[in-house]
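This structure is a prediction, so every number in the text was calculated from the model and none was measured. Residue numbers start from 1 in every chain, and the chains themselves are labelled A, B, ... in the order their sequence lines are given, proteins ahead of strands.
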Amino acid sequence: MMPMEAPFSRIIGDAELPPLTPSPHIMGMPLSVPRYSVDDLDHFPDDGWKYELVDGVLLMTPGPGVPHEFVVERLYRALATELSPDAGARIFTRGSVQFGKFTRMEPDLLVIPGHYTPKSFWDDMRDWWLAVEVLSPSGRAYDMEIKRPAYLALGVAEVWLVDTVALAVQVWKSGAEIPETVTETLRWRPPGMDRDLVIDLAEVFQDFTDFDEPSPPTPPA
Amino acid sequence: MGMPLTIPRYTIEDLARFPDDGQRYELVEGMLIVTPAPGMVHEVVIHRLEMALGNFLDPAGSAYIVGRSEIEKGVRTHLEPDLLVIPSRYRLDTPWKRVGEWWLAVEVFSRSSVIYDREIKAGVYLKLGVAEVWLVDPREETIEVRRRGEEPRTVSDVLRWTPPNSERELSISLNDLFRDFLDRDFFDEE
């Protein structure tokens with residue numbers, strides 16, 4: 001996996017030289033990245049892409065592919081089997097983790113305590129139990145490097161990063177410095193439950209072995 | 001309750017540890033922008049623009065047109081325009097980060113890049129000193145031309161461009177550029 005901390009104090013070996021000739025352009029204006037609010041997101045196109053914000057910074061990722069949805073569906077079923085509302089939890093595939101006006105993330109699966117009702121608002125919620133992200137090629141860097149730390153900083157108790165290439169789940173618990181990488185049996189004790197919830201990853205990743213083998217080209221009709 | 005959020009900021013050196021997986025990884029002041037590999041429409045439009053620019057610029061020898069290039073500023077800004085035109089006074093072994101004059105940067109929208117291109121990258125190019133930016137929209141069959149200090153203008157018939165220090169004008173017919181794009185259905189598959 002990629003290290004999570006960007007090195008900030010690196011010594012730069014090749015310091016910038018002045019341009020070859022004096023540039024005719026005005027240089028050195030500070031660059032800025034536009035900052036958006038959750039209200040702005042409502043004006044973005046409804047085009048199947050996922051638009052999220054972390055402290056105003058826009059993360060834009062394509063809609064999910066079939067492999068991604070298979071894994072989400074399998075995990076949902078595994079979780080939902082044991083996490084009925086009676087057990088004190090709710091599980092969403094289209095939930096939002098929202099905080100203030102500048103942060104809204106949409107995990108692939110979100111588990112919240114059962115005391116919320118259909119009249120609750122996303123930005124009322126503060127005690128998220130679990131956020132799951134199934135890594136995709138274009139969303140991978142955002143999930144691992146930006147959203148995962150943001151979930152934990154906001155107080156999400158646990159984050160799972162599901163890697164369908166490595167066939168593993170990285171489990172990040174609130175307060176832990178490093179993740180636990182699980183490849184066989186994923187165990188999770190939701191708050192208030194007296195036993196572990198057990199997920200067999202062989203079932204979750206069924207048919208994903210050798211997924212990266214290129215498929216043969218389609219001959220012309 | 002959680003801690004304040006911080007967005008990771010990266011340096012150009014950090015980009016080396018991102019996977020070589022076809023995604024485009026760029027940085028603006030350390031902020032990461034990831035866009036998926038483009039589709040065929042995108043590549044065809046770039047090819048046609050490159051041909052038009054090449055036919056116009058190559059005989060004079062005053063500029064290079066590059067398809068895979070980098071615009072870098074400091075250690076935290078690294079952008080990869082779809083096409084870039086730089087004056088040929090730069091030696092061919094000049095590292096990208098020593099290039100300080102850019103005549104034209106072109107971005108062709110794909111569904112994945114439109115917001116980043118229009119809202120973030122175009123403005124950054126101009127601030128860095130790129131003389132002109134074209135934002136090519138294959139769906140709308142238009143090109144938005146941006147120049148520093150000028151209102152953006154949208155061209156839908158003929159795009160005209162005069163390179164710096166030149167009196168010759170290039171004109172590109174958008175009908176030509178977007179020919180055979182009439183069947184819009186394929187955009188839905190993109």
Side-chain angles (χ1 to χ4, degrees), chain A residues 2-8 10 12-34 36 44-45 47-49 51 54-62 99-100 102-103 126 136-142 145-146 149-156 174, chain B residues 1-14 17-19 21-25 28-37 72-77 87 89-91 94-95 97-102 111-116 119-120 123-124 126-131 148 164 188 190:
Chain A
M2 293 178 275
M4 293 299 171
E5 297 302 324
F8 286 112
R10 182 168 281 163
I12 303 304
D14 51 345
E16 270 197 303
L17 297 182
L20 292 171
T21 59
S23 164
H25 306 289
I26 304 163
M27 299 286 287
M29 274 185 66
L31 300 180
S32 61
V33 178
Y36 299 91
F44 278 68
D47 56 0
W49 288 71
Y51 298 94
V54 179
D55 197 26
V57 171
L58 178 69
L59 307 180
M60 182 180 170
T61 42
F99 183 80
F102 297 101
T103 296
R126 286 295 174 266
S136 61
S138 353
R140 187 181 184 91
Y142 288 154
E145 306 246 336
I146 298 179
Y151 285 134
L152 294 174
L154 288 177
V156 177
S174 180
Chain B
M1 179 52 66
M3 302 167 277
L5 288 182
T6 52
I7 300 279
R9 290 176 75 224
Y10 300 91
T11 65
I12 292 167
E13 277 185 45
D14 294 328
R17 65 184 173 77
F18 284 87
D21 58 359
Q23 319 296 316
R24 189 184 283 186
Y25 296 93
V28 176
E29 281 293 295
M31 191 202 85
L32 181 66
I33 296 177
V34 186
T35 41
E72 294 194 338
K73 169 82 191 306
V75 297
R76 293 195 187 278
T77 297
R89 66 183 172 81
Y90 288 104
R91 286 170 42 134
T94 309
K97 65 163 49 183
R98 304 275 163 81
V99 174
E101 183 181 358
W102 306 274
R111 281 179 65 178
S112 53
S113 70
V114 55
I115 302 287
Y116 285 141
E119 306 244 340
I120 299 181
V124 171
L126 294 180
K127 277 189 181 167
L128 289 176
V130 176
R148 191 166 171 146
D188 298 331
E190 209 184 305

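Residue A:F102 does not touch chain B at all, counting heavy-atom pairs closer than 4.5 Å. Of the two parts of B:E119, the backbone and the side chain both hold a non-hydrogen atom closer than 4.5 Å to a non-hydrogen atom of chain A. Contact of B:T6 with chain A is not made at all, since no heavy-atom distance falls under 4.5 Å. With a 4.5 angstrom heavy-atom cutoff, A:Y151 does not touch chain B via any of its atoms. A:T61 does not touch chain B: none of its heavy atoms, backbone or side chain, sits under 4.5 Å away.
For the residue pair A:Y51 and B:I115, the shortest heavy atom distance occurs at CE2-CG1, 3.8 Å.
A donor-acceptor pair under 3.5 Å is formed between the side chain of B:Y116 and the backbone N or O of A:M60. B:R24 places no side-chain N or O within donor-acceptor distance of the main-chain N or O of B:T35, the cut-off being under 3.5 Å.
A salt bridge between B:E29 and B:K127 is absent, with no side-chain N of the basic residue lying under 4.0 Å from a carboxylate O of the acidic one.
Considering B:V99, B:L128, B:I12, B:T77 as possible partners of B:E72, the one that fulfils the side chain to side chain contact (heavy atoms under 4.5 Å, CB included) test is B:I12.
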